[in-house]
S.K.: 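One structure, pasted below without further comment.
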Amino acid sequence: GAFASEVAASGFRDVVVLGMGGSSLCPELFAQTFAPQSGYPRLHVLDSTDPVQVAAFDQPLMTAPLTVDVNPPVTPGVAYSAALVAAGLS
């Protein structure tokens, strides 16, 4: 699709999905099942809001585009923001 082509053309080598529990299951399955495609970014999944785990996440990936999977209410997005700040990454 057009979005995938735009992302591929942007030069990004990695994309990170921030999800919690069930919202990160499908992206995690895809990341582990399918090999990266030439010319497209590698998919990574961070399924934790624990500041220690966020800080331990591969630091170069923290400059990659982040996709936050937020289910109502918006608490996961708020939790990730707080975790990034607590980990010194925001």
Side-chain angles (χ1 to χ4, degrees):
F3 178 71
S5 297
E6 184 178 330
V7 170
S10 71
F12 289 115
R13 294 188 310 228
D14 300 281
V15 174
V16 179
V17 173
L18 304 177
M20 293 181 66
S23 66
S24 65
L25 288 176
C26 185
E28 184 69 32
L29 175 69
F30 287 168
Q32 292 182 15
T33 302
F34 300 108
Q37 299 297 305
S38 179
Y40 288 87
R42 177 181 284 274
L43 176 63
H44 306 272
V45 179
L46 177 59
D47 183 6
S48 177
T49 57
D50 175 43
V52 173
Q53 289 186 2
V54 172
F57 200 68
D58 192 3
Q59 292 299 316
L61 294 179
M62 297 316 292
T63 61
L66 301 176
T67 300
V68 180
D69 189 350
V70 177
N71 295 317
V74 185
T75 53
V78 173
Y80 271 114
S81 295
L84 291 169
V85 170
L89 300 173
S90 178

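Bear in mind that the values here come from a model prediction, so they are computed numbers and not experimental data.
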S.K.: Yes or no on side-chain contact (heavy atoms from CB on, under 4.5 Å) for Asp14 and His44, after CA distance, side-chain angles and deciding distance?
M.R.: CA-CA 7 Å; Asp14 300 281; His44 306 272; 2.6 Å; yes
S.K.: Could you report the tightest heavy-atom contact between Leu43 and Pro27, atom names first, then the distance?
M.R.: CD2-O, 3.5 Å
S.K.: So how far is it from Leu46 CG to Gln53 CD, rounded to the nearest 0.5 Å?
M.R.: 7.5 Å
S.K.: State, yes or no, whether a side-chain contact exists between Val15 and Arg42 at a heavy-atom distance under 4.5 Å.
M.R.: no
S.K.: Would you say Gln37's side chain and Ala35's backbone share a donor-acceptor pair under 3.5 angstrom?
M.R.: yes
S.K.: Which value, rounded to the nearest 0.5 Å, describes the distance between Tyr40 atom OH and Ser10 atom OG?
M.R.: 11.0 Å
